[in-house]
Amino acid sequence: MSSLVTLERHGNVGVLRINNPPVNALGPELVAGLIELVGQFEADQSYRALVVCAEGRTFVAGGDIAQFSMPGFSTAPFNRMLARLEKLDRPVLAVLHGTVLGGGLELAMACHYRVAAATTRLGLPEVLLGILPGSLGTQRLPRLVGVSLALDMILSGRPIDAAKALQAGLVDRLIDGDLTAAGIAYAEELLAQRTGPRRTSDRTASVEGLAADFFEKALAEAVSKKAAYPAPQRIVRCVEAAATLDFNAGEEVEARLFEECRISPQSAAMRKLFFAERQATKIPGLPGGLKERAIASVGILGAGTMGGGIAMNFANAGIPVVIVESSQEALDRGLALVRKNYDASAAKGKMKAEEPPRRMALLTPSLRYEDLAGCDLVIEAVFENLDIKKEVAARLGKVCKPGAIIASNTSTLDVDVLAQASGRPQDFLGMHFFSPANVMRLLEIVRGAQTAPDVLATVVKLAKTIGKVPVVSGVCYGFIGNRMLEPYLRESEFLLMEGATPTQIDNAIQSLGLPMGPCRMLDMAGLDVAAKVVVERGKAGGLPTDAGYRAVVQKMLVLGRFGQKTGAGYYRYEGRNAVADPEVGKICAALATQFGIRRRDDISDQEIIERCLFPLMNEGAKILEEGISYRPGDIDLVWVNGYGFPDYRGGPMHMADETGLDKIAQRLDHYAQLRGNAYGYWDKAKLLADMSAKGQQFADWPLK
Ligand code: 3HC
Ligand code: NAI
């Protein structure tokens with residue numbers, strides 16, 4: 001018999017106890033155990049009620065996601081077990097705690113009654129994996145909480161808390177103390193009152209208050225807003241089935257549509273990202289039993305665009321922050337912006353009215369470095385200038401208390417040089433937040449040559465505490481993300497000079513699901529900022545000798561066309577609306593003449609996609625080859641969480657696998673011929689060449 005679940009006797013109450021750490025996911029062995037023990041309970045009439053509970057930090061947190069990719073996977077055995085559980089002639093009660101998600105909530109809803117600890121969160125997050133609840137969640141939840149809330153929960157994937165679940169009728173009672181004992185007591189109460197089974201599938205889903213065209217509108221919205229995702233439209237159809245068909249017919253609809261989602265490439269990509277996110281926190285080579293440093297307070301230097309946003313992350317997590325600026329004016333401006341952001345969130349109902357003052361109270365503004373002396377971690381986000389940053393690092397090295405971690409938010413500078421400047425390189429690393437820092441989930445953690453293992457482990461863990469997706473990068477120019485962005489921008493500029501328009505380039509890239517193509521993106525970020533990065537890199541001797549390299553942004557800088565903020569860049573702006581500007585065509589044509597670039601009128605969307613993305617993927621391969629990144633999944637996380645790469649495409653490395661590495665290698669060779677390769681732009685990463693020759697994929701990583 002399975003050791004993952006047991007049936008114990010407490011008087012005449014049976015206790016079905018699940019124990020499959022860490023999150024009690026429903027793998028085949030656990031499902032087999034449940035089937036067997038439900039059978040045992042069914043056959044033994046000396047049990048008068050059944051309590052279903054789980055050991056450890058949570059009730060069942062869902063189906064085992066890894067199983068969904070296995071050949072022959074089916075939800076049928078579990079679903080049949082749920083039907084049998086629900087049909088039992090004696091009351092069945094679920095005792096909930098932790099995160100009751102997906103298959104876990106579906107199990108709970110097949111029980112006749114549910115009690116929960118006050119801290120429990122309940123939800124059906126399948127949509128975030130590109131699937132829909134496939135164990136009758138779409139049929140039982142609307143029957144318990146009504147169509148409107150059910151559809152909202154299943155479409156958003158957002159869990160609700162126990163208080164809301166109680167109010168909505170998803171939970172019958174909140175409990176505390178010894179949860180199993182409380183569950184048994186409730187079961188005994190039911191028996192004493194002779195309250196029998198109460199089956200969810202016998203109920204009808206409430207459509208009270210819903211407009212006659214509710215489902216039509218919901219479907220239209222799912223189609224228009226989430227067209228690329230397989231699940232949302234199908235979820236609407238399943239919930240509509242729950243409201244209009246009998247339970248068995250609804251079950252058939254759900255089973256069919258679940259399977260369509262499960263086998264879709266989009267869901268495969270999203271499931272892979274789920275595991276990549278968990279994998280990314282595992283750092284190869286760190287000694288076991290490492291003790292992290294405690295981070296109870298944080299210091300931030302610079303309250304500009306990034307400093308303010310970074311501070312918000314910590315205040316949101318309840319961690320006090322000291323913010324140091326060089327002038328009172330900059331300090332006031334920075335804090336005013338933070339306050340404005342918080343107030344806007346409260347006004348939109350995204351946080352309670354008492355939250356903005358509570359979070360602002362965690363921020364201590366200062367003009368004195370000495371006030372950073374008590375902080376456990378100090379992050380500098382001052383101007384991107386090597387001399388300034390070196391000086392700042394040196395001052396921090398002296399001011400920060402022994403054992404404090406010092407981090408730089410630099411986007412381009414050498415973290416090892418800054419680490420040396422601090423005089424304590426073991427305490428130093430890069431924490432590269434993305435703008436807006438309070439919103440973007442990615443945190444690139446740059447591991448310096450001498451960063452101490454416990455410093456790295458501490459910051460990886462801290463990233464999770466503040467809700468970021470941490471990805472560790474080695475030291476190189478641009479780290480993982482911006483380094484890969486560089487060939488993408490390079491090619492988009494060459495394409496402009498060869499005759500493509502910004503609109504054509506952006507539309508081609510956006511057709512893949514990226515929210516913005518390269519031209520729109522730079523117009524928003526500021527062409528001046530982008531150009532200065534190129535100019536600075538040139539000064540440091542890091543550019544190819546090609547005079548036409550990134551010539552377009554540099555010309556835009558000279559012309560004062562900085563993008564949205566000056567009303568003109570790659571586009572002209574009417575308010576916030578980007579309008580095609582024929583002037584850009586003339587500028588690019590003149591540059592083409594200047595640099596001897598042949599103009600063409602046959603640039604296809606396919607060429608744009610290949611020329612922008614294949615070198616980006618090739619750079620990803622170089623990053624792996626050099627050990628800058630530990631794994632392809634880390635690179636995918638960077639692009640999905642930092643650059644808006646669509647999650648349903650899994651990231652550039654996953655997309656490279658889908659495209660075929662041999663095809664990418666061939667096309668790089670093709671463009672080397674078409675464009676010439678005097679500057680090595682089309683040189684293939686050795687890793688890519690080797691892998692494509694051997695028929696390998698990035699998914700095979702680590703390679704044997
Ligand atoms: N399947 C397989 N493994 C899972 C899992 C799942 N549903 N949920 C979590 N895990 C694993 C993680 O991969 C991780 O493994 P590792 O230690 O080897 O890296 C471990 O459990 C711990 O997970 P986290 O690091 O994420 O732990 P947290 O405490 O931060 O979060 C959690 C816990 C909130 C439960 C989070 O893991 C989570 O959101 N899990 C996914 C929940 C989910 O999507 N459930 C629905 C699944 S689909 C389903 O049920 C289909 C059904 O309708 C048929
Ligand atoms: P910013 O110019 O908006 O802010 C810098 C702030 O630092 C200013 O308010 C300035 O007064 C302050 N400052 C300068 N020297 C100081 C000193 N010695 N002591 C205290 N404060 C000082 O710059 P931004 O955009 O916030 O960038 C900061 C850092 O973040 C840079 O390293 C940049 O490369 C990096 N970064 C920026 C991103 C962006 O999109 N803006 C994205 C990711 C990283």
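Note that ligands are numbered from 1 as they come in the structure, with each ligand's atoms numbered from 1 the same way.
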Nearest-option assignment for [atom], heavy atoms, candidates [options]:
atom                    : options                        : result
atom 7 (N) of ligand 1  : Ser135, Gly62, Gly63           : Gly63
atom 8 (N) of ligand 1  : Val127, Ile131, Val23          : Val23
atom 40 (O) of ligand 2 : Gly642, Ser435, Gly308, Gly309 : Ser435
atom 34 (C) of ligand 1 : Val100, Leu132, Thr99          : Thr99
atom 15 (N) of ligand 2 : Ile379, Asn482, Val382, Leu367 : Val382
atom 48 (S) of ligand 1 : Phe73, Phe68, Phe78            : Phe68

Heteroatom distance test ([X], ligand 2): nitrogen or oxygen, under 3.5 angstrom:
X      : result
Met306 : yes
Glu384 : yes
His432 : no

Please list the nearest protein heavy atom to [atom] with its residue and the distance rounded to 0.1 Å.
atom                    : value
atom 35 (C) of ligand 2 : Asn409 O, 3.3 Å
atom 26 (O) of ligand 1 : Arg278 NE, 2.8 Å
atom 19 (O) of ligand 1 : Lys282 NZ, 2.6 Å
atom 3 (N) of ligand 1  : Phe275 CE2, 4.1 Å
atom 39 (O) of ligand 1 : Leu101 CD1, 4.0 Å
atom 30 (O) of ligand 1 : Lys464 NZ, 4.0 Å
atom 20 (C) of ligand 1 : Pro22 CG, 3.5 Å
atom 23 (O) of ligand 1 : Arg57 NH2, 4.0 Å
atom 45 (N) of ligand 1 : Ala61 O, 2.9 Å
atom 5 (C) of ligand 2  : Ala381 O, 3.6 Å

Per-residue contact class, [X] against ligand 2 - non-hydrogen pairs under 4.0 Å:
X      : result
Phe433 : backbone
Val529 : neither
Glu391 : neither

[X] versus [Y]: any side-chain heavy-atom pair under 4.5 Å?
X      : Y      : answer
Leu396 : Leu301 : yes
Glu259 : Arg262 : yes
Asn438 : Phe433 : no

Quick one: does ligand 1 sit under 4.0 Å from the side chain of [X], the backbone, both or neither, non-hydrogen atoms only?
X      : result
Pro125 : side chain
Ile65  : both
Phe274 : side chain

For this session: Mark up the atoms of ligand 1 that fall under 4.0 Å of a heavy atom belonging to Gly102, in ascending order.
Result: 46 (C), 50 (O)
Exercise. Which of the atoms in ligand 1, numbered in the order shown and given with their element, are less than 4.0 Å from a heavy-atom of Glu106?
Worked result: 52 (C), 53 (O), 54 (C)
For this session: Using a strict 4.0 Å threshold on nitrogen-to-oxygen distance, state whether Asp636 and Lys272 make a salt bridge.
Result: no
Problem set entry | Side-chain ion pair, Asp523 and Arg520, N-O less than 4.0 Å | no
For this session: Mark yes or no: Arg278 above the aromatic ring of Phe274, with NZ or CZ under 6.0 Å from the six-membered ring centre and no more than 45 degrees from the axis.
Result: yes
Exercise. If you draw the axis of the six-membered ring of Tyr477, does the NZ or CZ of Arg537 fall within 45° of it and under 6.0 Å from the ring centre?
Worked result: yes
Heavy-atom contacts with [X] under 4.0 Å: which atoms of ligand 2 show up? List them by number with element.
X      : result
Gly302 : 7 (O), 12 (C), 21 (N)
Tyr369 : 17 (C), 18 (N), 19 (N)
Gly304 : 3 (O), 4 (O), 6 (C), 9 (O), 26 (O)
Glu325 : 6 (C), 7 (O), 8 (C), 9 (O), 10 (C), 11 (O), 12 (C), 13 (N), 20 (C), 21 (N), 22 (C)

Problem set entry | Residue from Val446, Leu377, Asn409 passing side chain to side chain contact (heavy atoms under 4.5 Å, CB included) with Met431 | Leu377
Exercise. Looking only at distance, does Leu129 have an N or O less than 3.5 Å from an N or O of ligand 1?
Worked result: no
Exercise. Hey, does Glu126 come in under 3.5 Å of ligand 1, counting only N/O atoms on both sides?
Worked result: yes
Problem set entry | Atom NZ of Lys282: over 12 foreign heavy atoms under 6.0 Å | yes
Problem set entry | Crowding at CD, Glu370 (>12 non-hydrogen neighbours, <6.0 Å) | yes
For this session: Could you label the plane-to-plane angle of the Phe434 and Tyr643 rings as parallel, tilted or perpendicular, counting under 30° as parallel and over 60° as perpendicular?
Result: perpendicular
Exercise. Does Phe383 come within less than 4.0 Å of ligand 2, judged by its heavy atoms?
Worked result: yes
For this session: Measure the distances from the heavy atoms of Arg395 to every atom of ligand 2 and state whether one is below 4.0 angstrom.
Result: no
Exercise. Is the closest heavy atom of Pro133 to ligand 1 under 4.0 Å?
Worked result: yes
Would you be so kind as to tabulate the donor-acceptor pairs closer than 3.5 Å made by side chains of residues 415-422, with sequence neighbours excluded?
residue, atom, partner, partner atom, Å
Asp416, OD1, Ala449, N, 2.8
Ser422, OG, Ala419, O, 2.6
Ser422, OG, Arg424, N, 3.1

Exercise. Picking from Glu380, His432, Glu384, what satisfies side-chain hydrogen bond (donor to acceptor under 3.5 Å, both in side chains) with Thr410?
Worked result: Glu384
